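Bear in mind that the values here come from a model prediction, so they are computed numbers and not experimental data. In the text below, chain A, chain B and the rest are named by the order of the sequence lines, each starting its count at 1.
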There are 2 protein chains.
Amino acid sequence: MLNSDARQRVLDAAEKLFMERGYRAVTLKDIAAQIGIRHASLYHHVPGGKQELFIEVTERNLARHREGIAAAIANSPQDVRAQLKAVADWLIAQPPMDLIRMVNSDMPAIDPRQAWRLSQMASDAMIEPLHALLKQAQARGEIAHDDLGVIAGGLLGMIESIHAVPTEALHQRGIPLDRHDMAHTLIDALLDGLMRRDEPTT
Amino acid sequence: MLNSDARQRVLDAAEKLFMERGYRAVTLKDIAAQIGIRHASLYHHVPGGKQELFIEVTERNLARHREGIAAAIANSPQDVRAQLKAVADWLIAQPPMDLIRMVNSDMPAIDPRQAWRLSQMASDAMIEPLHALLKQAQARGEIAHDDLGVIAGGLLGMIESIHAVPTEALHQRGIPLDRHDMAHTLIDALLDGLMRRDEPTT
DNA sequence: TGATACCTACAGAATTGTAGGTAGAGATGC
DNA sequence: GCATCTCTACCTACAATTCTGTAGGTATCA
């Protein structure tokens, strides 16, 4: 009842649209249309209305990210490069997680208490796992850096920025440019550095 | 007339809000309130309405970015690190340029022709200058990489992601964490790489 | 006296939310 | 075996508000 099949369809559609476009850019009509029902029928499954729907699916989405990132790391060898690429592959397969929009546009539009809670969740789900991954790699002696928190955030922004590449741009001039490849390229670049070195560090 | 003082105030307020929150999350009332007038008065300065206002200020903003980035590079020594940091400093001083939101939320909400044009402009203003900067550094032998286009995009995403750090988070535990410092840290990390090397490459 | 920069008032559409109704599936009483 | 009862998942209709855009008026200044 509280988690029926029909309700899940509503949450799925809402999650997809809200995460793609943001709170204000999605109407209840959009969500209802996506699953072929009338907007008023949404209230049957989510009596709390738009804001509660947004909060619920955002929480759900963040929880999924936390688990997805954890699983990606757990299923990889103990190696920063492999782990980061696994995380990136998982992130690229998801709808974009636009934290800039979340912080600057979505959060100011909802109840401040909830906004604060969601911001915390976002940090815990997205930044912390990456931060932990990097710290462990540092402990293993694989990498060396003083501000791994900052690096974790930058890494995330770098990977997510790939979602800003329009789909058409990927097939240009016969180059089968793939988002996963791009993410791997970026990770290799961050790990190895761009500066030219005469002795190649593999 | 076409570029009066009052009109500039309208464009400034609109640019700030639109770039911060996105097209759908900003109402004409918000913009008018920002400069202390009624929403209907906006039509005196921008008869084209909301969509044309958005397009105009987005163009303006992108043009400013193109110029600001070019100026930052021009006023720096011929050195990737210095140039990238100058660009980053300029970007950090601007309102966030959320390309993910632009592509996935703002562009689908406006006329497709204009959306395509703005997307081109965004690429020209943001990615291309960075790409050119990197190619020149490569020509000078400072850096070495095969996919500088991808790197340029990732670099941008990395720097812009700093705008997702909530202002309160910057003053935590007495650490005067500054957005500019964070950007510099990220640039150093990308140039030098995170991998531990026993001979320090300065 | 005319241009500029505003204003009030309002129309029309979109958006969120409420009230109450219905069709069908499955359980229950007799 | 079948009438009925209840629950789920919708529906239509509409109220309240917000948002965009229009029409026309007014104050100020050169």
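Distances shown here put every side-chain N or O of B/Arg38 at or beyond 4.0 Å from the OP1 or OP2 atom of C/dC6. At C/dT15, one or more side-chain N or O atoms of B/Arg24 fall inside 4.0 Å of OP1 or OP2 (strictly under the cut-off). Of the side-chain N and O atoms in A/His44, one or more sit less than 4.0 angstrom from OP1 or OP2 of D/dA9. B/Lys50 has a side-chain polar atom (N or O) that falls below the 4.0 Å cut-off from OP1 or OP2 of D/dT20.
Of the candidate nucleotides C/dT15, D/dC10, D/dA23, C/dT15 has the atom nearest to the side chain of A/Thr27. Which of D/dT12, C/dC6, D/dT20 sits closest to the side chain of B/Ile37 comes down to C/dC6. Nearest nucleotide to the B/Ala40 side chain, out of D/dC10, D/dG21, D/dT22: D/dT22. Proximity note for A/Ser41 (side chain, C-beta onward) versus D/dC11, C/dA5, C/dG17: the nearest is D/dC11. When the nucleotides D/dA9, D/dC11, D/dC19 are ranked by their closest atom to the side chain of B/Lys29, D/dC19 comes out on top. The side chain of A/Tyr43 lies closest to C/dT18, out of C/dT18, C/dT15, C/dA5.
Between A/Ile31 atom CD1 and C/dA14 atom C1' the separation is 15 Å, expressed in whole Å. In this structure, the CZ atom of A/Phe54 is 14 Å from the P atom of C/dG17, given to the nearest Å. In this structure, the CZ atom of A/Arg7 is 14 Å from the C1' atom of D/dA9, given to the nearest Å. For B/Ile35 and C/dC6, the CD1 to P distance is 7 Å, given to the nearest whole Å. Per the geometry, NE2 belonging to B/His39 stands 14 Å off C1' belonging to D/dT17, to the nearest Å. Taking atom CG on B/Leu42 and atom P on D/dT20, their separation rounds to 10 Å, with Å as the unit. When the P atom of C/dT15 is taken as reference, atom CG of A/Leu53 falls 16 Å away, rounded to whole Å. Distance, B/Leu17 CG to D/dC19 P: 13 Å, rounded to whole Å.
Nearest-nucleotide positions on DNA chain C for B/Asp5 and A/Gln51 put B/Asp5 closer to the 5' end.
For the 3.5 Å distance criterion, the side chains of A/Thr185 and A/Asp188 fail to qualify, holding no donor opposite an acceptor. Checking A/Gln114 against A/Arg117 by side-chain atom types alone, a donor-acceptor pair falls below 3.5 Å. Side-chain contact of B/Gln34 with B/Arg9: a donor-acceptor pair under 3.5 Å is absent, judged by distance alone.
Backbone-only engagement by A/His45 is indicated by non-hydrogen atom pairs under 4.0 Å involving sugar-phosphate atoms exclusively.
A cation-pi contact, defined as under 6.0 Å to the ring centre and within 45° of the axis, is absent between A/Lys50 and A/Tyr43.
Results of the side chain to side chain contact (heavy atoms under 4.5 Å, CB included) test with B/Val150 over A/Asp181, A/Val165, A/Ile162, A/Leu186 single out A/Leu186 as the only residue that passes.
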